[in-house]
Amino acid sequence: MISIVIPIYNEESLIGELLKRTVASLEQTEQDFEILFVDDGSTDNSLGLLLQAQKNDARIKMISLSRNFGHQAAYTAGIDYAQGDYMTLMDGDLQDPPELIPEMFKLLSAGDFDIVNGYRKSKTSNKPKGLFSWLFHKSFGKLSSLEDVEHIGNFSMMNKSAIAALRSLKEKTRYLPGLRHFIGFRNTTISYKRDERESGDSMSTQKLFALAFDAIFSFSKLPIKFCLIMGIIGIVTSFLAGIYILLSKILELSPLGWSSTLTSIFFLGSIQLMFLGILGEYVFRIYRESQNRPIYFVREFYSKQVKNMDNEMV
């Protein structure tokens with residue numbers, strides 16, 4: 001069976017088209033399937049439309065989270081509840097084409113690969129949010145060991161072995177493209193053009209920045225190495241400055257006033273505050289892991305086979 005995990009947040013205007021295209025694509029595989037929607041605290045009628053559609057198609061299932069836990073947490077809930085031997089991760093905004101699912105399944109079922117990633121070829125949007133996304137992926141690609149991070153996102157399909165490996169990772173700070181890279185396995189890509197979002201609510205700039213920080217601090221050691229390198233540079237600079245000041249005193253060339261001293265103090269103080277901020281990010285993430293709180297809470301699971309599992313947690 002194939003499971004499709006689709007997180008949704010206020011996708012009321014896209015539900016009909018999303019279901020139509022996804023069901024049509026899955027039926028081409030000639031396999032049993034389930035479409036598992038994860039409602040991440042939507043405030044519109046997205047869940048109501050899905051419940052209406054479920055009356056006519058029992059293969060549609062919904063997980064309603066108790067509040068908005070975020071994109072990666074919603075995916076995690078779907079991964080935990082999915083029952084298929086193959087699993088596809090796909091955003092609910094139709095920027096990733098469901099029509100690629102049969103081709104992804106064909107590659108996996110042949111047995112040569114364990115993971116098929118969607119490889120985005122589209123150009124960067126001119127919108128500020130698109131620019132921020134492009135800058136993040138370019139920077140993250142340089143800072144981490146991940147390959148083609150600017151082209152590979154959540155859209156993917158995995159077989160049973162890769163699914164089990166992904167489920168075994170329990171950290172609270174999650175970036176799924178990075179986690180898929182971490183588990184390894186045999187993987188390949190399918191190229192596609194990512195369409196612009198036509199309607200609905202996209203991820204806010206604040207959440208995009210939060211996801212970017214989670215990705216960088218989880219999969220790159222450069223921030224902490226940056227502190228060490230800057231510290232070494234500061235020590236060397238201070239040593240050279242000390243020699244310069246000593247020679248200036250001997251040659252009576254030392255500058256008048258305290259402006260140079262105050263500038264040095266301000267510079268070094270700013271560097272120290274920046275270092276404390278970087279270290280604080282790591283400490284906070286360690287603290288969050290030590291709390292061991294659930295990544296999400298399920299308010300209700302809607303299925304014609306399993307009904308009303310209230311207050312479940314993972």
Side-chain angles (χ1 to χ4, degrees), residues 1-102 104-105 154-157 194-204 207 295-314:
M1 184 170 72
I2 302 174
S3 296
I4 311 295
V5 176
I6 306 177
I8 57 169
Y9 179 73
N10 294 342
E11 306 289 4
E12 180 181 26
S13 59
L14 295 175
I15 292 297
E17 183 68 13
L18 177 61
L19 278 171
K20 178 182 176 181
R21 291 173 58 183
T22 303
V23 170
S25 298
L26 285 166
E27 287 179 342
Q28 293 180 31
T29 65
E30 299 181 350
Q31 301 290 314
D32 292 334
F33 64 85
E34 63 174 0
I35 306 176
L36 188 56
F37 290 93
V38 184
D39 179 28
D40 190 23
S42 295
T43 56
D44 63 0
N45 194 36
S46 296
L47 182 59
L49 293 176
L50 290 171
L51 287 170
Q52 188 66 31
Q54 188 188 57
K55 294 179 181 179
N56 301 318
D57 193 340
R59 298 170 297 186
I60 300 172
K61 302 176 183 179
M62 290 80 69
I63 299 172
S64 177
L65 301 186
S66 62
R67 64 171 177 83
N68 180 262
F69 285 92
H71 196 234
Q72 300 298 293
Y75 265 125
T76 302
I79 291 169
D80 291 341
Y81 272 71
Q83 298 178 348
D85 295 323
Y86 298 89
M87 180 172 64
T88 297
L89 305 181
M90 186 177 74
D91 289 346
D93 54 14
L94 285 177
Q95 290 184 277
D96 301 322
E99 289 76 15
L100 287 180
I101 293 173
M104 287 179 162
F105 174 72
N154 295 303
F155 189 37
S156 59
M157 180 180 277
R194 198 163 197 255
D195 297 327
E196 290 288 339
R197 185 184 181 96
E198 294 183 1
S199 60
D201 294 335
S202 60
M203 188 181 294
S204 66
K207 290 183 178 179
I295 300 173
Y296 61 86
F297 288 91
V298 173
R299 183 177 64 83
E300 195 160 0
F301 177 48
Y302 299 92
S303 171
K304 289 193 174 182
Q305 288 77 34
V306 184
K307 295 178 182 275
N308 297 354
M309 297 170 60
D310 292 329
N311 297 323
E312 293 208 17
M313 63 184 75
V314 173

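With sequence neighbours left out, the side chain to side chain donor-acceptor pair (under 3.5 Å) criterion links Thr29 to no other residue. Under the side chain to side chain contact (heavy atoms under 4.5 Å, CB included) criterion, Ala77 pairs with Val38, Leu65, Tyr296, not counting sequence neighbours. By the side chain to side chain donor-acceptor pair (under 3.5 Å) test, Tyr75 is found to be paired with Asp91, residues two or more places apart in sequence or in another chain being considered. Qualifying side chain to side chain contact (heavy atoms under 4.5 Å, CB included) partners for Leu49, counting only residues two or more places apart in sequence or in other chains: Glu12, Ile15, Asn45. Partners of Glu99 under the side chain to side chain donor-acceptor pair (under 3.5 Å) rule, at least two apart in sequence or in another chain, are Arg21. A search for side chain to side chain donor-acceptor pair (under 3.5 Å) contacts involving Ser42 returns Asp39, not counting sequence neighbours. Residues forming a salt bridge (Lys or Arg N to Asp or Glu O under 4.0 Å) with Glu34 (at least two apart in sequence, or on another chain): Lys61.
For Ile295 against Ala73, the heavy-atom pair with the smallest separation is CG2-CB, 3.6 Å. Here the closest non-hydrogen pair linking Ala53 and Leu19 is CB-CD1, 3.6 Å. The shortest heavy-atom contact between Gln31 and Phe105 is CG-CZ, 3.5 Å. The heavy-atom pair separating Met90 from Pro7 by the smallest distance is O-CD, 3.5 Å.
Here the side chain of Asn10 pairs no donor or acceptor atom with the backbone of Ser46 at under 3.5 angstrom. Side chain of Thr76 to backbone of Ala74: no donor-acceptor contact under 3.5 angstrom is found. Between the side chain of Ser25 and the main chain of Pro98, a donor-acceptor pair closer than 3.5 Å is present.
Note that the CD atom of Gln72 and the CD1 atom of Ile79 stand 8.5 Å from one another [nearest 0.5 Å]. Atoms OH and CD1, from Tyr302 and Ile60 in turn, are 14.5 Å apart once rounded to the nearest 0.5 Å. Put simply, OH on Tyr86 and CE on Met157 are 9.0 Å apart, with the number rounded to the nearest 0.5 Å. Taking CD1 from Ile63 and CZ from Arg299, the interatomic distance works out to 12.5 Å, rounded to the nearest 0.5 Å. The structure places CD1 of Ile35 at 5.5 Å from OG1 of Thr22, a figure rounded to the nearest 0.5 Å. From Glu300, atom CD reaches atom OG of Ser66 across 12.5 Å, with rounding to the nearest 0.5 Å.
A tilted orientation is assigned to the rings of Phe297 and Phe69, their planes being inclined by 30° to 60°.
Using a 4.5 Å heavy-atom threshold, the side chains of Ile8 and Leu50 count as touching. Residues Ile6 and Glu11 form no side-chain contact, since every pair of their non-hydrogen atoms from C-beta on lies 4.5 Å or further apart. Between Phe37 and Ile4 there is no side-chain heavy-atom pair separated by less than 4.5 Å. Using a 4.5 Å cut-off on side-chain heavy atoms (C-beta onward), His71 and Asp40 make no contact.
Contacts classified as salt bridge (charged side-chain N to carboxylate O under 4.0 Å, His left out) and involving residues 23-33 (residues at least two apart or in different chains) are given here: Glu27-Arg59.
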- Intermediate values then yes/no, side-chain contact (heavy atoms from CB on, under 4.5 Å), Asp96 and Asn154: CA-CA 9 Å; Asp96 301 322; Asn154 295 303; 5.8 Å; no
